[in-house]
Peer 1: 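Right, I'll just put the structure down here and ask away after.
Treat the numbers as computed from the prediction; the structure is a model and nothing was measured. Position 1 is the first residue of the sequence; numbering continues from there.
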Amino acid sequence: MREPAGQDEYGSTSPFDPDDLPTLNAIGPSMGSGNDFEKYAVAVIIVFGALIIGGLMAASMTFGHRNGFLFALGGATSAWISGNALLLDRPRIYALFVGIAALMLIASTVTLIS
């Protein structure tokens, strides 16, 4: 016996009608294909966090530049937030925090050079 629209056999409600499922998949990306945001977010977190920012923090600590270390720490935090924004499918927030991270990392590099 078919359940009323919006309910499954367990009584939970769904905002989608089961008959509309092929139409919904045709409109947006289906699960498992074309949705690689998670891979890009992990790549952003690893590259920014481990390689670039870790190196800037270590160099700033070695040369005794407190401001450079704090700029690198701020860049690391911004990059981490941008990775999470990408996981949550917020491209504008992602772009904003990548820009903030880039500016802070440039500032950290400038403090090391001067």
Peer 1: How would you list, by chain and number, every residue that makes a side chain to side chain contact (heavy atoms under 4.5 Å, CB included) with Ile93, sequence neighbours excluded?
Peer 2: Ala85, Arg90, Phe97

Peer 1: To the closest 0.5 Å, what do you measure between CZ (Arg66) and OG1 (Thr111)?
Peer 2: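 Here the rounded value is 11.5 Å.
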
Peer 1: Test of understanding: with side chain to side chain contact (heavy atoms under 4.5 Å, CB included), list the residues that count as partners of Leu87, not counting sequence neighbours.
Peer 2: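 Side chain to side chain contact (heavy atoms under 4.5 Å, CB included) list for Leu87, sorted by chain: Glu38, Ala41, Asn84.
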
Peer 1: Can you list, pair by pair, the side-chain donor-acceptor contacts under 3.5 Å of residues 44-57, counting residues two or more places apart and other chains?
Peer 2:
none

Peer 1: To which residues is Ile106 joined in a hydrophobic cluster, defined by side-chain heavy-atom contacts under 4.5 Å among Ile, Leu, Val, Met, Phe, Trp and Tyr, whether direct or through other members?
Peer 2: Val110

Peer 1: How long is the span from the CG atom in Leu86 to the CD1 atom in Ile81, to the nearest 0.5 Å?
Peer 2: 14.0 Å

Peer 1: Ser82 side chain to Tyr94 main-chain N or O, any donor-acceptor pair under 3.5 Å?
Peer 2: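 Checked: no pair found.
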
Peer 1: Which atom pairs, donor and acceptor, lie under 3.5 Å between side-chain atoms of residues 69-78 and protein residues at least two apart or in another chain?
Peer 2:
residue, atom, partner, partner atom, Å
Thr77, OG1, Leu73, O, 3.0
Ser78, OG, Gly74, O, 3.1

Peer 1: Tyr40, Val98: one ILVMFWY side-chain cluster at the under-4.5 Å cut-off?
Peer 2: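 In one cluster: yes.
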
